[in-house]
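Below is one structure; the comments refer to it alone.
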Amino acid sequence: MFNSISGTITAKFPKQVFIENNGIEWDICIPDSNLDMLGPVGGEGKVYTYLQHTDMLMCLYGFASADERSVFLDLLKVDGVGPKGAIKIMSSVNSATLMDVLEREDLSSLEKIPGVGKKTAGKMMLALKGKLKISETISVPRSASSPYSDVVLSLSSMGYDKKLVEQKIAELVEEFSKDPQFDSKTQKEKEDLLFRRAIVSLV
């Protein structure tokens, strides 16, 4: 079976990319987070593949790296998470953040990921904590916004672009770090303040 497909990126859509190779245009389902890692339409691209083949359907999934595909395969080990569910999860949160949430046993953040919920979050924690196959090429975020991953996940689940959210939260954290009153607040108070200010800025 083929391991990857390389060719010209002919189109990009949410959770979908078209790649033409030797006269064949492949229709590939891909997480939104991975879609951003590929080059622009008209350029060359490579995706690592996974073929789902059942009596009812055949679907080709693609990923920007072998590590990202490994995360997808690990998610499939979670009871109740199928290929479509794994793609939805990976579209809502990048692999490094997912690993960070799992390592911190942050169930509340897991539950906020679209398509997860309380029951699946518990299964993910049990099945994947300390087991995600991510190499050093995917680093766990340690930026100023990392303590506020709950805020980022909440805003992302509302439809805001995750990269823009992370950038805005980092800017707000830097701004508030100059205010002594911010440091005196509880973690929840800080998160609530950041959430409110970010929504105003992102509208």
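These numbers come from the heavy atoms of this one structure, side chains and all, not from hydrogens, waters or symmetry mates. Here, residue 1 is the first one in the sequence, and each next residue gets the next number. Just so it is clear, the structure is predicted and the values come from calculations on it, not from any experiment.
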(message) If you apply the rule side chain to side chain contact (heavy atoms under 4.5 Å, CB included), what do you find for K84 with C29, and how did you get there?
(response) CA-CA 9 Å; K84 292 291 186 183; C29 182; 4.2 Å; yes

(message) Evaluate L98 against L75 for side chain to side chain contact (heavy atoms under 4.5 Å, CB included), listing each step before the verdict.
(response) CA-CA 11 Å; L98 178 60; L75 285 171; 4.3 Å; yes

(request) Show the numbers, then the answer: is there a side chain to side chain contact (heavy atoms under 4.5 Å, CB included) between E25 and T10? (result) CA-CA 8 Å; E25 188 175 47; T10 55; 2.5 Å; yes

(request) Report the C-alpha separation of D192 and K188 in whole Å, then their side-chain angles, then the decisive distance to 0.1 Å, and conclude whether the salt bridge (charged side-chain N to carboxylate O under 4.0 Å, His left out) test is met. (result) CA-CA 6 Å; D192 289 344; K188 187 178 186 306; 3.1 Å; yes

(request) Please assess D106 against S108 for the test side chain to side chain donor-acceptor pair (under 3.5 Å), listing each intermediate value before the final yes or no. (result) CA-CA 6 Å; D106 190 351; S108 63; 2.8 Å; yes

(request) Given side chain to side chain contact (heavy atoms under 4.5 Å, CB included), test M124 with L110 step by step and report yes or no. (result) CA-CA 9 Å; M124 287 175 64; L110 276 181; 4.0 Å; yes

(request) Please step through salt bridge (charged side-chain N to carboxylate O under 4.0 Å, His left out) for the pair E171 and K168, ending with a clear verdict. (result) CA-CA 5 Å; E171 292 173 356; K168 178 54 62 177; 3.1 Å; yes

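Just one of N34, I30, D32 meets the side-chain contact (heavy atoms from CB on, under 4.5 Å) condition when paired with S91; it is D32.
A distance of 10.5 Å separates CG in L172 from CD in Q167, rounded to the nearest 0.5 Å. One distance of note links NZ of K88 with CD1 of I113; it measures 11.5 Å at 0.5 Å rounding. For the atom pair CG (L194) and CD (E189), the distance works out to 12.0 Å, reported to the nearest 0.5 Å. Rounded to the nearest 0.5 angstrom, Q52 CD and L60 CG are separated by 10.5 Å. Taken from OG in S95 to CD in E68, the straight-line distance is 3.5 Å, to the nearest 0.5 Å.
Y48 and I87 are members of different hydrophobic clusters when ILVMFWY side chains are connected at heavy-atom separations under 4.5 Å. Residues M37 and I28 do not share a hydrophobic cluster, defined by chaining ILVMFWY side chains whose heavy atoms lie under 4.5 Å apart. L51 and L57 fall into different hydrophobic clusters, defined by Ile, Leu, Val, Met, Phe, Trp and Tyr side-chain heavy atoms under 4.5 Å apart, directly or through other members. Note on L102 and L126: separate hydrophobic clusters, where clusters join Ile, Leu, Val, Met, Phe, Trp and Tyr whose side-chain heavy atoms are under 4.5 Å apart, directly or indirectly.
Pairing each heavy atom of I24 with each of W26, the nearest pair is O-CD1, 3.6 Å. Residues P114 and I89 approach most closely at O-CG1, 4.4 Å, considering heavy atoms.
Using a 4.5 Å heavy-atom threshold, the side chains of P31 and K15 count as separate. Side-chain contact between V47 and L38 is present, with heavy atoms from C-beta onward closer than 4.5 Å. Between V101 and L107, every side-chain heavy-atom pair lies at or beyond the 4.5 Å cut-off. Put simply, the side chain of F13 does not reach to within 4.5 Å of the side chain of L35, judged on heavy atoms. Here the side chains of T8 and N21 are not in contact, with every heavy-atom distance at 4.5 Å or above. Residues F176 and R197 are in side-chain contact: their nearest non-hydrogen atoms beyond the backbone lie under 4.5 Å apart. Proximity of L76 to P83: side-chain heavy atoms (C-beta onward) are separated by under 4.5 Å at one or more points. Looking only at side-chain heavy atoms (C-beta outward), V17 and I9 come within less than 4.5 Å of each other.
For the 3.5 Å distance criterion, the side chains of N94 and T97 qualify, holding a donor opposite an acceptor.
Q181 CD: 12 or fewer foreign heavy atoms inside a 6.0 Å radius. Annotation for K190: atom NZ counts as buried by contact number, over 12 foreign heavy atoms lying within 6.0 Å.
Proximity of a side-chain donor or acceptor of E103 to a complementary backbone N or O of D100 within less than 3.5 Å is not detected. In this structure, the side chain of R69 engages the main chain of T49 through a donor-acceptor pair within 3.5 Å.
Judged as a side-chain contact (heavy atoms from CB on, under 4.5 Å), and not counting sequence neighbours, the contacts of S6 are K46.
The cationic group of K12 does not satisfy the cation-pi geometry with F18, failing either the under 6.0 Å distance to the six-membered ring centre or the 45° limit from the ring axis.
Every pair passing ring-ring contact (aromatic ring centres under 6.0 Å, His included) that includes a residue from residues 51-101 is listed here, sequence neighbours excluded: Y50-F72, Y61-F72, F63-F72.
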